Chemist: 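Following this message is one structure expressed as C-alpha cells.
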Amino acid sequence: MSILVVGSVAFDSVETPFGQGDDVLGGSATYFSTAASFFDEVRLVAVVGEDFPSEHLEFLRSRNVDLSGLQVVSGETFRWKGRYGYDLNEAQTLETHLNVFESFAPQLSPVHREADFVFLANIDPELQLQVLQQVEKPQLVACDTMNFWIEGKKDALLETLKRVDIFLINEGEARQLSGEPNLMKAAAKILAMGPETLVIKRGEYGVLMFREHSVFAAPAYPLESVFDPTGAGDTFAGGFMGYLASTKNLTESGLRQAIVFGSVMASFNVEDFSLDRMRSLRYSDIEDRYRKVKLLTEFEGL
Ligand code: AMP
C-alpha cells in the first residue's frame, strides 16, 4: 500500500550545542518520506526551487520515494533556521522563508488521488486542505503541524482537524492549541476538535497516544548522544505511518506497535545531523532497536 505525503522540502540551517549545519537537507516531507520508505512505498507532493541540488533528489530516489508530485519551479527553496539549547526537546525558530511555497498549489495526479494512506506533514494548513479536497477515499488520514501555523493559520488548521483520523503534535503545541497546561485536559480538548487518535510527542520523554477510551505511553529509546533533534517528529511520523500502511493493522494493538516503530526511527535520526543517520540505516537495525524498547518496558508483578 502506498502513502501520499504533502509537506516541506527544505534547506535547514541548524545550531545545536554540538555543532551546526548550514543549508543542509531538511523539511517535514523529506524526513517523513525517508523514514516511511523503510516500510512502504511513498509518494511525495511538494515544491522546490531551481536552487535545489540534484544530489538531494537522488538521495530520495535511492530510497524509492516517488517524486512525480515534486514540482521544481523558478525561485528559492523553502528555508528554515533553528537553534537548540541543551534542552533538545524544543527548537527555537530563528527564520522561516516560505519562498516557493508562497505560491504553491498542489495538483494531484490520478494515481496520487487514489492514495489509501495520506500524511499531511507540517506545512500551511491551507495546503493540507487542498490535498484533502483532491484525495478520493483514503483509508487513513494523519496530520502534523507546528506553533508557526497554530499562531498564523488557526482557522484553517481547525478545518483540517475536523477531517483527519490521527493528529500528531508535540507537547508544547498541544498546550498552545488547546490553551490548557495539563496534558490530559489538553488531549480531551484536541480530540473534541475532530481526530479519533491524538499522538503527543514529548522528545526524550517519549510519546503519549490518546483515544476516546485509552491512553498509551511509550518511552523514547535512551541514547547517550543526541546530535541534532531536527526532524525527529517527522521521522517519528514516517515510521508510524509506514508501519501502519505496511501492515494495514489499524487496531489499538497495531497503533501501539506503530508508535514504537515511530519512536525507534526518531531515535536513529537524532544520532546525526540532517538525514545523515538514515543514509546508513538498515531494516535489521530497526528491528533490533524495536526489540530493545520492548525489553525496556517489560515488567512483572500483580
Ligand atoms: P521537526 O520534526 O518538528 O523537528 O521538523 C523539522 C523540519 O520542519 C525542518 O526540517 C524544517 O525544514 C521544517 N519546518 C520548520 N518550520 C516549518 C514550517 N513553518 N512549515 C513547514 N515545515 C517547517
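Numbering of ligands and ligand atoms starts at 1, following listing order. It should be emphasised that the depicted structure is a prediction, and the values quoted were computed from it without experimental measurement.
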Chemist: May I ask you to say whether D144 pairs ionically with K201, meaning some side-chain N is under 4.0 Å from a carboxylate O?
Modeler: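 Looking at D144 and K201, the cut-off is met.
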Chemist: The criterion is side chain to side chain contact (heavy atoms under 4.5 Å, CB included); which residues satisfy it with K294, sequence neighbours excluded?
Modeler: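 Only Y290 meet the side chain to side chain contact (heavy atoms under 4.5 Å, CB included) criterion with K294.
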Chemist: Could you go through ligand 1 and note, for every N or O atom, any protein N or O atom closer than 3.5 angstrom, writing the atom names and distance to 0.1 Å, or 'none'?
Modeler:
unit_1, atom_1, unit_2, atom_2, d
ligand 1, 2 (O), G233, N, 3.1
ligand 1, 2 (O), D234, N, 3.1
ligand 1, 2 (O), D234, OD2, 2.7
ligand 1, 4 (O), G231, N, 2.7
ligand 1, 5 (O), D234, OD2, 2.8
ligand 1, 10 (O), D12, OD1, 3.4
ligand 1, 10 (O), D12, OD2, 2.4
ligand 1, 10 (O), G27, N, 2.7
ligand 1, 12 (O), D12, OD1, 2.6
ligand 1, 12 (O), G27, N, 3.3
ligand 1, 19 (N), W149, NE1, 3.4
ligand 1, 20 (N), W149, NE1, 3.3
ligand 1, 22 (N), S8, OG, 2.8
ligand 1, 22 (N), N122, O, 3.4

Chemist: Is a salt bridge present between E159 and R163, judged by a nitrogen-to-oxygen distance below 4.0 Å?
Modeler: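 Here E159 does not pair with R163 in a salt bridge, since their nearest N and O are not under 4.0 Å apart.
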Chemist: Check salt bridge (charged side-chain N to carboxylate O under 4.0 Å, His left out) between R43 and all other residues, then give those that pass, not counting sequence neighbours.
Modeler: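 With neighbours one apart ignored, the set is E41, D66.
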Chemist: State whether E136 and R113 are salt-bridged, where the test is any N-O pair (Lys NZ or Arg NE/NH1/NH2 against Asp/Glu carboxylate O) under 4.0 Å.
Modeler: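 No.
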Chemist: Please enumerate all residues that pass side chain to side chain contact (heavy atoms under 4.5 Å, CB included) together with F59, with sequence neighbours excluded.
Modeler: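 By the side chain to side chain contact (heavy atoms under 4.5 Å, CB included) rule, F59 matches L25, T34, S62, R63, L275, R279.
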